[in-house]
Amino acid sequence: MADTMRNLPALRLIAIAAVAGVVAGAIAVYVMGGADGNNAAGGSEQTACAAKTEEAAALEPVITGDVAALLPADPSQPLSDLAFNGPNGEAMTVADFAGKALLVNLWATWCVPCREEMPALDALQREMGSDRFEVVAVNIDRGGDEKPKAFLEEIGIGSLDYYRDESLAIFNDLKRRGLALGLPVTLLIDEEGCLLAHMNGPAEWAGEDAKRLVVAVVGEER
């Protein structure tokens, strides 16, 4: 094996090292800990949400422009058990928002695209937030609340409530479900906790494309 490696071209060795570094980094960031507070939903919920796959597909005409990277859920799946902490540190799940469509976004202060899209998420909540829709931005920084709260205050975030999961359990759960590859992660969830669409990567959430999408989901003009 050693002789074989010595005979590889230098550029190929560099490529192998780079890939190894990426894999090691992914393991360090994405696979942390064992059991967590997020659990798969039951069979009845799976069936109910699977029946909404056509509803998710029907959103495709309005998944354009700034939000074109969203993928309609195929099939739809229940996310009502997705767990995190609320503004006062209380345990919550998506089920606590029953009756309200959600744009759930996972972010961290060390994620540059997350930081850049936070003002847009805040603007979307300010303009479109109601008793039928909410942007739920969940911070997944490790450690205490000081750093993420200081960042939000520094950039003037005033419309988003503060949601948090320092354990990374929510990210690992979404990774197991095939919905998370990196940050940011965004999920469009209906009022019954069923996934309608998802994406990895940032978007311009304050734009007209995002607003049209919200209107299509909640079924009313603003």
Side-chain angles (χ1 to χ4, degrees), residues 49 52-77 79-80 82 84 87 94 96-109 111-140 148 151-163 170-171 174 177-222:
C49 287
K52 297 191 175 188
T53 300
E54 289 187 11
E55 181 180 333
L59 291 174
E60 193 159 1
V62 292
I63 298 179
T64 60
D66 291 336
V67 296
L70 274 168
L71 300 174
D74 185 18
S76 178
Q77 59 179 289
L79 294 179
S80 57
L82 205 60
F84 44 89
V94 163
D96 292 315
F97 298 87
K100 184 183 288 192
L102 305 177
L103 189 76
V104 175
N105 176 274
L106 271 58
W107 69 281
T109 59
C111 164
V112 174
C114 303
R115 294 170 66 97
E116 291 176 348
E117 76 173 354
M118 197 58 55
L121 289 165
D122 191 55
L124 182 64
Q125 173 62 24
R126 183 167 58 252
E127 184 165 346
M128 304 297 290
S130 69
D131 59 353
R132 299 191 62 187
F133 174 76
E134 182 174 341
V135 177
V136 177
V138 183
N139 175 264
I140 63 168
F151 167 70
L152 294 175
E153 183 175 357
E154 176 187 337
I155 64 171
I157 298 301
S159 298
L160 295 173
D161 281 334
Y162 182 68
Y163 299 103
I170 187 171
F171 181 90
L174 292 175
R177 300 185 199 215
L179 298 174
L181 300 174
L183 290 180
V185 179
T186 305
L187 312 164
L188 184 61
I189 302 173
D190 78 0
E191 70 281 359
E192 295 179 351
C194 296
L195 179 67
L196 295 177
H198 59 98
M199 70 179 289
N200 284 262
E204 178 46 70
W205 295 109
E208 293 304 314
D209 296 317
K211 295 172 190 175
R212 278 192 294 271
L213 178 62
V214 172
V215 168
V217 172
V218 301
E220 62 180 12
E221 293 290 341
R222 295 282 302 173

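Along the sequence shown, residues are numbered consecutively beginning with 1.
With sequence neighbours left out, E54 forms a side chain to side chain donor-acceptor pair (under 3.5 Å) with no residue at all. Under the side-chain contact (heavy atoms from CB on, under 4.5 Å) criterion, L71 pairs with H198, not counting sequence neighbours. Judged as a salt bridge (charged side-chain N to carboxylate O under 4.0 Å, His left out), and not counting sequence neighbours, the contacts of K211 are E127, E208. Scanning for ring-ring contact (aromatic ring centres under 6.0 Å, His included) contacts around W107 gives F151, with sequence neighbours left out. Applying the side-chain contact (heavy atoms from CB on, under 4.5 Å) rule to S159 yields the partners D122, Q125, R126; only residues at least two apart in sequence or on another chain are considered. Annotation: salt bridge (charged side-chain N to carboxylate O under 4.0 Å, His left out) contacts of D66 (sequence neighbours excluded): none. With sequence neighbours left out, the side-chain contact (heavy atoms from CB on, under 4.5 Å) criterion links P184 to N105, C111, P113, C114, E117, P202. With sequence neighbours excluded, the residues forming a side-chain contact (heavy atoms from CB on, under 4.5 Å) with C49 are S76, P78, C194, listed by chain and number. Residues satisfying the side chain to side chain donor-acceptor pair (under 3.5 Å) test with T53, not counting sequence neighbours, are none. Applying the salt bridge (charged side-chain N to carboxylate O under 4.0 Å, His left out) test to E116 and every residue at least two apart in sequence or in another chain returns nothing. For Y163, the side chain to side chain donor-acceptor pair (under 3.5 Å) test picks out E134, with sequence neighbours left out.
Among pairs with a residue in residues 184-193, those fulfilling salt bridge (charged side-chain N to carboxylate O under 4.0 Å, His left out) read K52-D190, K52-E192, at least two apart in sequence or across chains.
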